[in-house]
Amino acid sequence: NSGGAKHQSRLYYWLAGRPWVNTICETGFNAGHSTLQWLTGNDHTKVYSFDLGSHKYARPMGEYFERTFPGRFNLSIGNSLTTVPRFSTKHPEVVCDIIVIDGGHSNKVALGDLRNMRAHANIEHNLLVLDDFPSHYLTFLTDIGSAWNTMRADGLVVERFACTEQTKRRRGYVIGYYV
């Protein structure tokens with residue numbers, strides 16, 4: 001989780017505070033480590049989160065955020081390959097300035113999330129974060145990289161930079177934007 005990556009947590013907090021950020025959408029809520037950065041980094045930011053809900057603490061943490069940040073947080077529980085398109089149909093008005101893909105770690109799920117969340121990207125300015133790639137410790141995460149590279153090859157995403165934190169697990173993230 002991003003709670004163990006202090007540089008990434010600081011970056012998320014800083015990004016949330018940018019004056020152009022109003023709405024952040026993320027797949028992969030888990031226990032809400034990144035969500036906490038988004039909501040505390042900016043007093044008016046709204047966060048829409050999508051999570052499988054497989055961890056017993058996901059729902060209670062989601063309820064906590066809904067109580068603590070009323071009207072600013074929404075958690076959709078279920079498979080993001082289903083919940084994101086359903087949300088898109090019901091809420092086409094939601095436009096995301098920052099989109100974070102940090103859900104399923106297979107090519108299928110990462111690619112589906114990247115494609116589905118694109119419908120909510122702010123056309124004028126958006127920032128896209130793909131978490132857990134590049135990673136030099138957890139080699140199964142190369143599937144996520146394949147999804148990112150597919151989006152780049154299709155001309156749907158432009159990469160700005162990628163980094164790997166020099167921690168024990170050497171986990172990383174890549175930042176770009178939707179076109």
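Each residue takes its place number in the sequence, starting with 1.
- Atom-to-atom distance recorded for Cys96:SG and Leu127:CG is 12.0 Å, nearest 0.5 angstrom.
- Put simply, CZ on Phe73 and CZ on Arg67 are 11.5 Å apart, with the number rounded to the nearest 0.5 Å.
- Residues Tyr177 and Met117 do not share a hydrophobic cluster, defined by chaining ILVMFWY side chains whose heavy atoms lie under 4.5 Å apart.
- Across all their heavy atoms, Ile98 and Val21 have their closest contact at CD1-CG2, 3.8 Å.
- In this model, a donor atom of one side chain and an acceptor atom of the other lie less than 3.5 Å apart for Glu26 and Trp38.
- Nearest heavy atoms, Ile24 versus Ala16: CD1-CB, 4.3 Å.
- Under the 4.5 Å side-chain criterion, counting only non-hydrogen atoms from C-beta, Tyr48 is not in contact with Ser76.
- There is no side-chain donor-acceptor pair under 3.5 Å between Asn122 and Tyr178.
- Nearest heavy atom pair, residue Thr150 against residue Arg115, reads CG2-NH2, 3.9 Å.
- The closest donor-acceptor contact from the side chain of His105 to the backbone of Gly103 lies under 3.5 Å.
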For Lys108 and Leu81: C-alpha separation, side-chain torsions, deciding distance, then whether side chain to side chain contact (heavy atoms under 4.5 Å, CB included) applies.
CA-CA 9 Å; Lys108 177 184 176 184; Leu81 296 179; 4.1 Å; yes
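- For the atom pair NZ of Lys90 and OG1 of Thr83, the computed distance is 11.0 Å after rounding to the nearest 0.5 Å.
- Heavy-atom minimum distance, Leu75 versus Gly62: CD2-CA, 3.8 Å.
- Residues Phe161 and Val129 fall within the same hydrophobic cluster, defined by Ile, Leu, Val, Met, Phe, Trp and Tyr side chains chained together at heavy-atom separations under 4.5 Å.
- Residues Ile175 and Val100 share a hydrophobic cluster, clusters being chains of Ile/Leu/Val/Met/Phe/Trp/Tyr side chains in contact below 4.5 Å.
- Cluster annotation: Trp20 and Leu11 are assigned to the same hydrophobic cluster (Ile/Leu/Val/Met/Phe/Trp/Tyr, side-chain heavy-atom contacts under 4.5 Å, transitive).
- By the 4.5 Å heavy-atom criterion applied to side chains, Asp113 and Phe50 are not counted as neighbours.
- In this structure the side chain of Ile99 reaches within 4.5 angstrom of the side chain of Ile101, judged on heavy atoms.
- When all heavy atoms are compared, the tightest approach of Asp132 to Ile144 is CB-CD1, 4.1 Å.
- Under the 3.5 Å distance criterion, the side-chain polar atoms of Thr27 are matched with a main-chain donor or acceptor of Asp102.
- Not one N or O on the side chain of Arg152 forms a donor-acceptor pair closer than 3.5 Å with the backbone of Val157.
- Residues Val109 and Ser80 approach most closely at CG1-OG, 4.3 Å, considering heavy atoms.
- Partner of Phe29 under the ring pair (Phe, Tyr, Trp, His ring centres under 6.0 Å) criterion, out of Tyr64, Tyr57, Phe65: Phe65 alone.
- Checked by atom type and distance alone, the side chain of Asp97 pairs as donor or acceptor with a backbone atom of Asn22 at under 3.5 Å.
- Distance check, rounded to the nearest 0.5 Å: NE2 of His44 to CG of Leu39 gives 11.5 Å.
- The same ILVMFWY cluster, assembled from side-chain heavy atoms under 4.5 Å apart, contains both Leu128 and Leu156.
- Under a 3.5 Å cut-off, the side chain of Asp51 and the backbone N or O of Asn30 do form a donor-acceptor pair.
- We find the CD-CE distance between Glu159 and Met151 to be 13.0 Å, quoted to the nearest 0.5 Å.
- For the pair Thr45 and Phe69, the minimum side-chain heavy-atom distance is 4.5 Å or more.
- Between the side chain of Arg118 and the backbone N or O of Leu114, no donor-acceptor pair lies under 3.5 Å.
- Less than 6.0 angstrom separates the ring centroid of Phe87 from the ring centroid of His120.
- Atom CG of Leu52 is separated from atom CD1 of Ile77 by 8.0 Å, given to the nearest 0.5 angstrom.
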Could you go through the side chain to side chain contact (heavy atoms under 4.5 Å, CB included) check for Val47 and Asn74 one step at a time?
CA-CA 6 Å; Val47 176; Asn74 180 291; over 6 Å; no
